Amino acid sequence: MEILSILKNKVISVVEILEKQEILPSGLNKSLITIEKPKDESFGELSTNVSMVLAKDAGIRPRDLAAKIVDILKEDEMISSTSIAGPGFINFRLYKKIWIKLVKKILEDGEKFGFKNIGENKKVNIEFVSANPTGPLHVGHTRGAIFGDVLANLLNNVGFVVTREYYINDAGTQIDSLARSAHSRYQEALGKEYNANENEYPGDYLKTVGQKLKEEFGEKLISIRDNNNLEKIKEYTVKIMIDEIKKDLSDLGVFMDSFVSESSLYKDGKVQEAIDQLTRLGLIYKGVLEKPKGSEDPDWVEREQDLFKSSMFGDDIDRPIKKIDGSWTYFAPDIAYHYDKIKRDYDEIIDIFGADHSGYTARMKAIVKALSEGKKDLKIKLCQLVKLYKDGKPVKMSKRAGTYITLGDLLNEVGKDSVRFLFLMRKNDAPLDFDFTKAIEQTKDNPVFYVQYANARICSILKRAKSLNIKINDEVLSTSDLNKLSTESEVSIMRKLSEWPNVIFFSVSRYEPHRIAFYLNELAQLFHSLQSLGKIDHSMKFLIEGDIQLTIARIALIRSIQIIIISGLKILGVNPIDEML
RNA sequence: GCACCGGUAGCUCAGCUGGAUAGAGCACCUGACUUCGAAUCAGGUGGUCGGGGGUUCGAAUCCCUCUCGGUGCGCCA
């Protein structure tokens, strides 16, 4: 039951009646009509812009049109009063029974309330994190991980079949360098002196890898001249790194369905296959790129290379697929990877990138359009960078220098629930300033506690009600007489509850999970406020001695609040705890 | 030079594909617990929505332009 869309349909059908009566010209564009909550509740509970939107095409002044619409609308069984205001807004209030019906519906539906089947079992692939397996995940990856995971939860809950996928960059020079770094640590474990090499990763986490290599292989792989040995070390090290990453992700509450490895794309000939396909489509040619104008690269050499015509598909320039030594660029296996995704026949392909890859989006969209021959549209969501502060000062992070805050650090010091919620209190394309110290110390300011506390409070009220032998299961509540809910605060919170389906809809259709977090915060606020009323005026308490009907009605209300808080927190991957410590 | 993202209260940020007098948290000031959890609540102070044009009944929102900040721009991934 979505009150807003029901009312919108009612408004539209009123317009259609007026069209039929030839009071309005037929065929008016009704797509801009909206039902919304006025900023100021004194205007009314809901309002519509219908008369302003249609006035021009209908050739009638907005307020006159509003009057004609109101004449019909005021007879509606849901609408208790109407008024016309401002430039032509139609404001109206609904009968209380409508809001009470809503509460009952929430109690009937439980946590699935508000989730429509938008997806209709369409297959979605959502690729995120995809960090290079050269070290542990850091805060930047964390943001993408949370964003992707919650988006996946959302899509899953509205009827999409979601695959969470991680692309492992386990090929290329970085991985070679990782293998050499691991080899150095392996030697160190075997008693040789460790000399920091400029081209190697300095992080301490590789010490463990060295130890494990020693335990696994003894001294067998000591000679790095033997290429097979280096390959073995590479394979083993990548596996350990991926295992670490999987563990960190699972501690964060993120579980991938699928891992695709870059090296397997080479092995299976998929890179060549994808490039062949592009060649067949006539989208590869030999050409020379201009040097970027502001770039201060002194080593720039103009040369002819194999280019993909990405500018045909909205990119600024064409992109090279081969390096000077004839090997593939980073772009080439990505082409193959996305070709593979296209062939796996997903209805939607979504990539979550960090902002440092923003320059990459145009060419990736281009490749998907090209290889799907215009049928698929890659959706890319960018997560802006996370700026980390400690004691109010920015923390400089460098993988090379080995100084960075890992996901593990975050989870240890801040905790999963706080990290997830705090990261979602920012929309994805705004940069995120995260003060480590603040997140740990000032837990009172942390919105996740605020929302969890609301749930905990509701839990204790329900517990108390139970101890008073009041039947409070949802079925009983939903079939009880709830007409005693009548104060302005109560009705106002019911109106808030009615927004939940809309919040979900916008979060899904615009890929903006932060809306859920903000909504939960607002809902919790209304609840805390409602509960506090009972402190001043005891007749406003939830459990009223001697008035069982009122008590049950109020329990039904707070239980429906709780259902939505729990449902929302689950989407965010945050624990709806029953008791605060 | 070009591309993408941002600029909203002292600070951190929302603003629902154009709606009415621009919101929240923190900070600051004033109040509220012998009762269902004070990790809470009520009230107050605080704004040139970066600047300037345009589109229209109506702009923080859409278009143009300028400006500041972030990120990126073949032979790294």
Side-chain angles (χ1 to χ4, degrees), chain A residues 32 34 36-40 43 47 49 52-53 55-56 61-62 85-89 91 132 134 169 171-175 177 262 289-295 297 299-303 305 307 315-317 319-320 322-325 327 329-331 333-334 354-362 382 384-385 387 425-427 429-433 435 438 442-447 449-450 452-454 456-465 499 502-503 505-507 509-510 512 514-515 518-519 521-522 525 528-536 538 541-543 554 558 579-581:
Chain A
L32 294 175
T34 58
E36 48 202 276
K37 203 183 74 171
K39 286 220 168 93
D40 188 336
F43 288 131
S47 72
N49 61 358
M52 277 113 67
V53 172
K56 199 173 185 184
R61 282 187 306 187
F89 285 103
N91 299 315
N132 294 344
T134 53
N169 292 112
T173 52
Q174 285 203 8
I175 295 296
S177 155
E262 181 186 356
L289 283 182
E290 272 177 51
K291 181 180 174 180
K293 276 185 181 152
S295 155
D297 185 352
D299 298 330
W300 180 277
V301 184
E302 271 201 4
R303 68 178 186 91
Q305 53 195 149
L307 299 174
D315 199 359
D316 305 324
I317 56 168
R319 303 291 176 175
K322 271 189 180 171
K323 297 182 200 169
I324 196 159
D325 64 359
S327 63
T329 60
Y330 175 68
F331 188 34
D334 252 355
D356 51 345
H357 285 61
S358 63
Y360 221 66
T361 58
L382 290 178
Q384 281 298 323
L385 304 180
K387 251 194 253 165
M425 282 301 283
R426 206 108 313 159
K427 100 188 139 193
D429 44 12
L432 169 60
D433 286 352
D435 193 318
K438 225 174 166 182
Q442 299 192 349
T443 52
K444 277 169 94 173
D445 301 341
N446 192 329
F449 291 103
Y450 188 78
Q452 285 177 319
Y453 184 42
R457 277 178 142 182
I458 292 171
C459 281
S460 28
I461 295 156
L462 296 179
K463 214 179 285 172
R464 191 176 158 84
E499 293 170 28
N502 257 50
V503 171
F505 180 77
F506 278 108
S507 302
S509 56
R510 299 170 69 161
E512 291 179 347
H514 71 279
R515 291 171 188 279
F518 278 92
Y519 174 81
N521 210 28
E522 288 159 12
Q525 186 170 24
H528 285 308
S529 171
L530 185 65
Q531 178 165 36
S532 292
L533 289 179
K535 287 196 180 299
I536 301 149
H538 289 191
K541 296 184 136 219
F542 298 122
L543 310 176
R554 287 185 175 165
I558 64 170
E579 274 182 335
M580 310 292 283
L581 296 172

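Note that the coordinates shown come from a computational prediction; the quantities given were computed from them, not determined experimentally. Protein chains get the first letters and strands the later ones, always in sequence-line order, with residue 1 at the start of each.
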May I ask you to check whether A:Phe506 and A:Tyr519 place their ring centres under 6.0 Å from each other?
no
Nearest-angstrom distance, P atom, B:rG44 to B:rG23:
13 Å
Provide, to the nearest angstrom, the distance between the CG atom belonging to A:Leu32 and the P atom belonging to B:rC57.
13 Å
What distance, rounded to whole Å, do you find between the two P atoms, one in B:rA38 and one in B:rA42?
14 Å
Between B:rC5 and B:rG10, how far apart are the C1' atoms? Round to whole Å, please.
25 Å
To the nearest Å, how far apart are A:Asp316 CG and B:rC4 C1'?
9 Å
Once hydrogens and angles are ignored, does a donor-acceptor distance under 3.5 Å link the base of B:rA20 to the side chain of A:Asn91?
yes
Does A:Arg303 reach a base, just sugar-phosphate, or nothing at all? Heavy atoms under 4.0 Å.
base
Which whole-number value in Å describes the distance from A:Leu530 CG to B:rA32 P?
22 Å
Once Watson-Crick and G-U wobble pairs under 3.5 Å are found, how is RNA chain B written in dot-bracket notation, 5' to 3', with | for any base paired to another strand?
(((((((..((((.....[...)))).(((((.......))))).....(((((..]....))))))))))))....
Output the rounded distance in Å from CG (A:Leu289) to P (B:rG1).
21 Å
To the nearest Å, give me how far apart CZ (A:Phe449) and P (B:rA39) are.
13 Å
Rounded distance in Å - NZ (A:Lys427) to P (B:rA24)
18 Å
Applying the 5.5 Å / 30° rule, does A:Tyr360 stack onto the base of B:rG72?
no
How far, in whole Å, is B:rA22 from B:rG47 if one measures between their C1' atoms?
9 Å
Whole-Å C1' distance, B:rC36 and B:rA20:
39 Å
Could you tell me how far B:rU55 sits from B:rU8 if I compare only their C1' atoms? Round to whole Å.
23 Å
Using a heavy-atom cut-off of under 4.0 Å over every strand shown, decide if A:Gln452 touches base, sugar-phosphate, or nothing.
nothing
So A:Phe518, base contact, sugar-phosphate only, or nothing? Heavy-atom distance under 4.0 Å.
sugar-phosphate
Could you tell me how far B:rC4 sits from B:rC66 if I compare only their P atoms? Round to whole Å.
14 Å
Provide the distance between the two C1' atoms, one in B:rC64 and one in B:rA27, to the nearest whole Å.
39 Å
Closest to the 5' end of RNA chain B, once A:Ala85 and A:Phe542 are matched to their nearest nucleotides, is A:Ala85
Would you tabulate the pairs of protein nitrogen or oxygen atoms and nucleotide nitrogen or oxygen atoms of nucleotides 69-71 of chain B closer than 3.5 angstrom?
unit_1	atom_1	unit_2	atom_2	d
B:rU71	O2'	A:Ala355	O	3.0

Less than 4.0 angstrom between a side-chain N/O of A:Thr329 and OP1 or OP2 of B:rC76, yes or no?
no
Whole-Å gap separating C1' (B:rA27) and CG (A:Asp435)
15 Å
Can you tell me the distance, in whole Å, between the CE atom of A:Met580 and the C1' atom of B:rG37?
10 Å
